[in-house]
**Q** 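Can you keep this structure in mind? I'll have questions shortly.
What you are looking at is a predicted structure, and each value in this text was computed from that prediction instead of being measured. Order of appearance sets the numbers: ligands from 1, and atoms from 1 within every ligand.
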Amino acid sequence: MMREGAPKTIYRKDYEAPDFLIDSVDLAFDIFDGRTRVSSKLDIKRNGTNQAPLVLDGESLGIVCLKIDGRTLGADEYRYTNGKLTIDKVPDQLCFEAEVDITPEENTSLEGLYRSRTMYCTQCEAEGYRKITFGLDRPDVLSTYTVSLTADKDTCPVLLSNGNEVSRSDAGDNRHTVVWHDPHPKPSYLFAIVAGDLELVSDTFTTVSGKTVDLRIWVEAKDIGYCEHAMTSLQASMRWDEERYGLEYDLDLFNIVAVDDFNMGAMENKSLNIFNTSCVLAHPDITTDLGYQRVESVVAHEYFHNFSGNRVTCRDWFQLSLKEGFTVYRDAEFSADMNSRGVKRIEDVAFLRTHQFAEDAGPMAHPVRPDSFIEISNFYTMTVYEKGAEVVRMLNTLLGDEAFYRGASLYFERFDGMAVTCDDFVDAMQEASGKDLSQFRRWYEQAGTPVIAVETKFDEASGTFDISFAQRNPPTPGQDNKPPLHIPVAMSLLVDGKHQDLGEGEKERVMELTEASETVSFSGLSKKPVLSLLRGFSAPVRLELEQSRDDLVALIGFDDDPYVRWDASQRLAFEAIDEGTGLLAPDYIDALRRVLDGPSEAAMKAQLLALPTEASIADRHSQSGLVDVHKIHEAKQRVAGALGEGLREELTQILNKGMAASEAYAPSAAQIGDRALMHTALNLLVASDSTWLNTAREMYFAATNLSDRLCAARLVVHYGDDVHREEVLQHFFDRWQSENLVVNQWFVMQATRPTMSTVADVIALTEHAAFDWRNPNKVRSLISSFAGANPVAFHSTDGSGYALLGDAVRRLQSDNPQIASRMLAPLTRFKRYAHGQEMMRAQLTSIAALDNLSQDVFEVVQRSLSDG
Ligand code: TRP
Ligand code: ZN
């Protein structure tokens, strides 16, 4: 539902402490089919000395009754407009009571209280609480909650909220009541309830001090067999946070609920995490290897929020990265410890470099800590999450582990139970380390991706190697001139394949760039070294560094940093793709052959062998000109074919070995790596010769897990003839139609087929019985993967792909503004493309002209159209 009133921009500089605080909140939910009555009782006190009126947030609430200190208010004693309830004269301390009616069954926005299939659940972050009842819906008002839930015993046997269960009783009329109390004061965005017919998987965790915590995962009965992986991931996360950060869980109970209709991945409500089913359920039949890793990392992410987010929370939504950036960094390190560290880093860098860099270069570019917004939901972005995590990683790199963890402990102790800012976080790091971080703070203020141009010079006679760095911070909307950042650049030098001693036995040095340009020198070198730069991707920057093919080959072969090896292989791939003929230089093939024959772990081999995604090639091209997606697709296909041809023997061996594997499926790092390598091999072989599609078809029918099945099916569906494509699609659907999450993959497979006729297929699929516009996972699988992961079809030259997305946004934008707004991203970057700019712009203009435009979509469209 659109908010009433004109869209209003909120500025960070206008922050003011709240006029009132709420010590305790008492809520009672009386849930009936078609109507829920919410009664609330707030203990309010004035904060400060001004005599401001009491203004509470509340959106589309049906007021039944309002009281102050027990006395019912007459209609002339309050005003309720534009989502605000105003009461002019109130005492400094008061008890406010409200009874309101809401209709969760009609709530399609999936924020506030809504119904998903058979269950009722809430999503309050960021500003959904105000759709449930009146309150101060801002993160710097922390209250203790007591929540009573009453509902029908048969349809809602399970009634959950935050904290501990206090009592249960019969409410007559086949209804029952359960009361919950959460002893930890929290902001409204962390409040949650769930009511429904759910089954339970339970286990326990014994904390470091010996306390037993009950762990409960609640799912629909049909999904009861799919919870084991989430449970072990949760236990591993709890242990990891104790060992790494010294943080021990602070209640006796931790609940996870799986919900099918959910706008995002999951939500960290205090002790009642609510998850998108796609981020919690796992089983070899319904989950890919990447899916298993996603479940593990999202479970960890939400658990880690218990401290980085819940115990220490955000003062205002501009500080969102305080909890999100830090928590993404924590979950990334956890995943690195649980799996292959190097491969996890490569995956994260690949994601950041293509998608966050594109965001930084587009109309929605904003700093990690934004200065203004219209709709905060639009700022749950890759910049706030992933770039925010890189900023925390840089702090760790600059401070070293010891000072960094001391800084983290200081932060958690000092700000426990408080709502704080990104500056408070950096202050703690600065104090613990004694390091001056004043220039570093610019990372929070400046939008855009810094560019570092590097030149090197070797003086044969003296054995001196000079590296000079020039830092540029390109303009972004609203930020034209930016001073230099404090950038940690990790480096090393290789001579004859060996990392050199850079002094005092160190083989790696972290240089700290702080000036627009600076030079460092290394002497005493016997030969011109190969430069290993930005090791571990030590800063989220673009490097401009010319290196010879021989240097790149040396880095692939001998560097001990996985990121640097991978980046070198990507650069050779980029060159081959840009060259365009599909004729590959022998040094490239030989380098990869040595990788395949060498000792690297399989997952690493797969990364080195895999060609860059079309999106990352496009991002690279956008740096020097306009992007031609069709040319990129064809050039990449040619290179893939040539690689398949050039490495046929090695790849065939990998494939045969993989297909003969008989071990039972496990989502272990080793097995996942083996499968990734096998899949890469099959992909390249198919690109080289379509008769390999027969092997793909065999693999599809023989598969015993979704990873193999999907890899094989995708190849047949994308590149096979009509008969085989239909055969596999039909078989896949018939076999898996009862598994929602697998059907989503069936949609993705079709939506990403790289041909222009996919537009018509996707339109037809929106009419399929298994598709549902109200389910965000379905919309993402069909529409967003088409628009975001199928450049060839989305950029169909007749503009039909843009129209498809425009129609989808127009159809969804008032029912679910958050999803509609996110879906828009591919249209907003129209300026990057060589073709179709006008047609993309026309779609945006037509959306802008809607008269019931939600403020979510309004903000994105407006920024896109007014950029430049
Ligand atoms: N805090 C959640 C997370 O990162 C994000 C989230 C879940 C969210 N649901 C949302 C953000 C709805 C905005 C709207 O784990
Ligand atoms: Zn989060």
**Q** In terms of atom number and element, which parts of ligand 1 are under 4.0 angstrom from non-hydrogen atoms of E125?
**A** 1 (N), 2 (C), 5 (C), 12 (C), 13 (C), 14 (C)
**Q** Could you check R239 against E242 for salt bridge (charged side-chain N to carboxylate O under 4.0 Å, His left out), going step by step and ending with a plain yes or no?
**A** CA-CA 5 Å; R239 189 64 73 210; E242 291 181 346; 2.9 Å; yes
**Q** Decide whether the shortest distance between a heavy atom of E111 and an atom of ligand 1 is less than 4.0 Å.
**A** no
**Q** Under 4.0 Å from a heavy atom of M267: which atoms of ligand 1 are those, numbered in the order shown and with their elements?
**A** 1 (N), 2 (C), 7 (C)
**Q** Report yes if some N/O of Y380 lies less than 3.5 Å from some N/O of ligand 1; otherwise report no.
**A** no
**Q** Does E324 bring an N, O or S atom to under 2.8 Å of the Zn ion (ligand 2)?
**A**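 So E324 does bind the Zn ion (ligand 2) by this criterion.
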**Q** Would you please classify the geometry between the F440 ring and the W443 ring as parallel, tilted or perpendicular, with 30° and 60° separating the classes?
**A** tilted
**Q** Please list, in number order, the atoms of ligand 1 under 4.0 Å from a heavy atom of E302.
**A**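 Counting atoms of ligand 1 from 1, those under 4.0 Å from E302 are 3 (C), 15 (O).
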**Q** W240 vs F304 aromatic rings, parallel, tilted or perpendicular, using cut-offs 30° and 60°?
**A**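 Tilted, since the angle between the ring planes falls between 30° and 60°.
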**Q** What atoms in ligand 1 come closer than 4.0 Å to a heavy atom of Q818?
**A** 12 (C), 14 (C)
**Q** Answer yes or no: does atom OH of Y11 have more than 12 heavy-atom neighbours from other residues, nucleotides or ligands under 6.0 Å?
**A**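 Counting neighbours around OH of Y11, 12 or fewer heavy atoms of other residues, nucleotides or ligands fall under 6.0 Å, so no.
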**Q** Just which atoms of ligand 1 are under 4.0 Å from any heavy atom in E268?
**A**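 Result: 1 (N), 2 (C), 3 (C), 15 (O).
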**Q** Could you state the interatomic distance from OG (S188) to CD1 (I132), rounded to the nearest 0.5 Å?
**A** 9.0 Å
**Q** Any nitrogen or oxygen of S377, side chain or backbone, less than 3.5 Å from one on ligand 1?
**A** no
**Q** As an exercise, identify every atom of ligand 1 less than 4.0 angstrom from a heavy atom of H301.
**A** 3 (C), 4 (O), 15 (O)
**Q** Pick out which of N852, L853, V857 makes a side-chain contact (heavy atoms from CB on, under 4.5 Å) with S814.
**A** N852
**Q** I need the NE2(H305)-the Zn ion (ligand 2)-NE2(H301) angle, rounded to 10 degrees.
**A** 100°
**Q** Tell me whether the count of non-hydrogen atoms from other residues, nucleotides or ligands lying under 6.0 Å of CZ in R294 goes above 12.
**A**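 For R294, atom CZ is not crowded (no more than 12 foreign heavy atoms under 6.0 Å).
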**Q** Please list, in number order, the atoms of ligand 1 under 4.0 Å from a heavy atom of K323.
**A** 1 (N)
**Q** Would you find more than 12 non-hydrogen atoms of other residues, nucleotides or ligands less than 6.0 Å from E228 atom CD?
**A** no
**Q** Describe, in one word, how the ring planes of F29 and F191 are oriented to each other, choosing from parallel (under 30°), tilted (30 to 60°) and perpendicular (over 60°).
**A** parallel
**Q** Quick one: look at A266 and ligand 1, take heavy-atom pairs under 4.0 Å, and tell me if it's side chain, backbone, both or neither.
**A**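 For A266, only backbone atoms sit under 4.0 Å from ligand 1.
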